[in-house]
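Owing to the predicted nature of the structure, the values given are computational and were not obtained by experimental measurement. Convention: sequence-line order gives letters A, B, ...; per-chain numbering from 1.
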Number of protein chains: 2
Amino acid sequence: MINFSIKFQSGVPIYEQIIYAVKKAVVSEQLRPGDTFPSVRELSKDLRINPNTAQKVIAHLVREKLLIIKPGIGSVVSELKEATDLQRKDILDTEIEKLVVEAKRLLINKKEVIDAVKSHWNLENEE
Amino acid sequence: MINFSIKFQSGVPIYEQIIYAVKKAVVSEQLRPGDTFPSVRELSKDLRINPNTAQKVIAHLVREKLLIIKPGIGSVVSELKEATDLQRKDILDTEIEKLVVEAKRLLINKKEVIDAVKSHWNLENEE
DNA sequence: TATGGTGTACTATGTTGCATACTACACTTA
DNA sequence: TAAGTGTAGTATGCAACATAGTACACCATA
C-alpha cells in the first residue's frame with residue numbers, strides 16, 4: 001500500500017529522505033489530495049524502519065500540513081497550502097542565495113542554472 | 001585581520017556557517033585570489049571558537065580547493081575552479097530539484113523562483 | 001459491546017556528529 | 001634559535017538519529 005518509491009542513501013537521515021520522497025510524490029501527483037497515507041505501523045513495516053522513525057515522519061508531515069490526521073482511521077493527503085511569509089523568505093532569499101553562491105563559486109553559468117530550474121519545473125508540468 | 005563577516009545562528013553547525021561566509025565573501029569579491037586567509041589560531045581567537053573547529057573549517061576549504069596551504073606561512077585564497085561533473089550534477093540535478101519541489105509544494109510561481117535567482121545573481125554582478 | 005487499528009507518549013540503548021579543552025609534533029619563516 | 005604555521009591525537013559533554021519495547025486513549029467496524 002506504499003504509493004511512492006524510496007531508495008535510501010547513507011549520510012542523510014532516513015526520516016528526511018522519506019519526507020522528501022513524499023513531497024516529491026505530491027508535487028508529481030503520484031499522491032493526490034484525499035489519498036490515504038500509510039499508517040505508522042504500515043510505514044514502519046513496509047520500509048523496514050523503526051515505528052518511532054515512521055511516527056516522526058508522519059508527525060513532521062502533519063506539522064507541515066501535508067497530511068491530515070483522521071482519528072481512528074489514519075492520515076490523508078491534504079490540499080497544497082500557500083506558503084507563509086517566513087517560508088517564502090526562506091526559499092526565495094536564503095535557499096536561492098545558497099544555490100547562487102555555490103553555482104558562482106563553481107563557475108556555473110546563470111543560464112545553466114535557470115535552464116535547470118525550468119527543466120525540473122516542467123518534469124511535472126503545470127504552472 | 002578577518003576580512004569577512006559572520007553572525008552565528010543556532011541550529012546549524014558553526015563550521016558550516018563559517019565555510020558559507022567564506023564562499024560568499026569569495027563570490028562577492030570581498031576575498032580575492034591571493035589574499036591571505038586567517039591562520040587556525042587567528043581564526044580561533046577572532047571568532048572565539050575552538051582551534052579544532054577552526055582547523056576543520058580550513059581543512060574543509062582546502063579540500064574544496066578554495067584555499068591553498070603555504071607551509072610555515074598560512075593559507076591563501078585560490079583562483080575559482082571549474083566544477084567537476086559530480087559537482088555540476090549535484091547542483092543542477094539534486095539541489096535544484098529540491099528547490100523546485102519545495103517551491104511547487106508551497107505554490108510559489110516559476111517566475112518568482114527564476115526572478116529570485118536572477119536577483120541574487122546580479123547582487124554581485126558579472127556572468 | 002468487544003476487537004482491532006489508529007496516533008501518541010514514554011523509557012532505554014548505541015552510534016554518530018559537533019564543539020570544546022589540552023597536548024604534541026614537523027615544518028618554515030624571520 | 002624562536003615564533004608561527006598546519007596537523008594529529010586523546011578526552012569530555014552534548015545533541016541528534018535510529019533502534020527496541022511498552023503502554024494508553026481514541027475511533028471504526030464487525
(message) One thing to verify: whether A/Glu64 and A/Lys81 come together as a salt bridge, which I'm taking to mean a side-chain N less than 4.0 angstrom from a carboxylate O.
(response) no

(request) Determine yes or no for a side-chain-to-main-chain donor-acceptor pair under 3.5 angstrom, with A/Ser78 supplying the side chain and A/Lys65 the backbone. (result) yes

(request) Quick one, give me the B/S/- string for nucleotides 5-10 of chain D, reading 5' to 3', where B means a protein heavy atom under 4.0 Å from the base and S means that only happens at the primed atoms, P, OP1 or OP2. (result) BBB-B-

(request) Identify whether the distance between the nearest side-chain nitrogen and carboxylate oxygen of A/Lys24 and B/Glu97 falls below 4.0 Å. (result) yes

(request) Rounded off to whole Å, could you give me the NZ-to-C1' distance for the A/Lys45 and D/dG21 pair? (result) 19 Å

(request) Answer yes or no: is there a donor N or O on one side and an acceptor on the other, between the side chain of A/Asn109 and the main chain of A/Lys111, under 3.5 Å? (result) no

(message) Without decimals, in angstroms, what is the distance between B/His60 NE2 and C/dG17 C1'?
(response) 13 Å

(message) My understanding is that only residues two or more places apart in sequence, or in another chain, count here; which of them pass salt bridge (charged side-chain N to carboxylate O under 4.0 Å, His left out) with B/Lys56?
(response) none

(request) Find the distance A/Leu43:CG to C/dT8:C1' and express it as a whole number of Å. (result) 16 Å

(request) Write down the distance between CG (A/Asp46) and P (C/dG5), rounded to a whole number of angstrom. (result) 14 Å

(request) For A/Arg48 and D/dA20, give me the distance from atom CZ to atom P, rounded to whole Å. (result) 12 Å

(request) Starting at atom CG of A/Asn50, determine the distance to atom P of C/dT8, rounded to an integer number of angstrom. (result) 16 Å

(request) Look only at the side chain of A/Arg48 and the backbone of A/Lys45, and say whether a donor-acceptor pair between them is shorter than 3.5 Å. (result) no

(message) Whole angstroms only, please: what is the CD1-P distance between A/Ile49 and D/dA20?
(response) 11 Å

(message) Test your reading of the model: is there a side-chain donor-acceptor pair from A/Gln17 to the backbone of A/Gln9, 3.5 Å cut-off?
(response) yes

(request) Strictly below 4.0 Å, heavy-atom distances to any atom of DNA chain D: list the hits from residues 11-19 of chain A, or just say none. (result) A/Pro13, A/Ile14, A/Tyr15

(request) Check whether the side chains of B/Tyr15 and B/Gln55 place a donor and an acceptor atom closer than 3.5 Å, and report yes or no. (result) no

(message) Counting C-beta onward and ignoring hydrogens, is there a side-chain heavy-atom pair between A/Lys23 and A/Leu66 closer than 4.5 Å?
(response) yes

(message) OP1 or OP2 of D/dC17 versus the side-chain N and O atoms of A/Thr53: is any pair under 4.0 Å?
(response) no

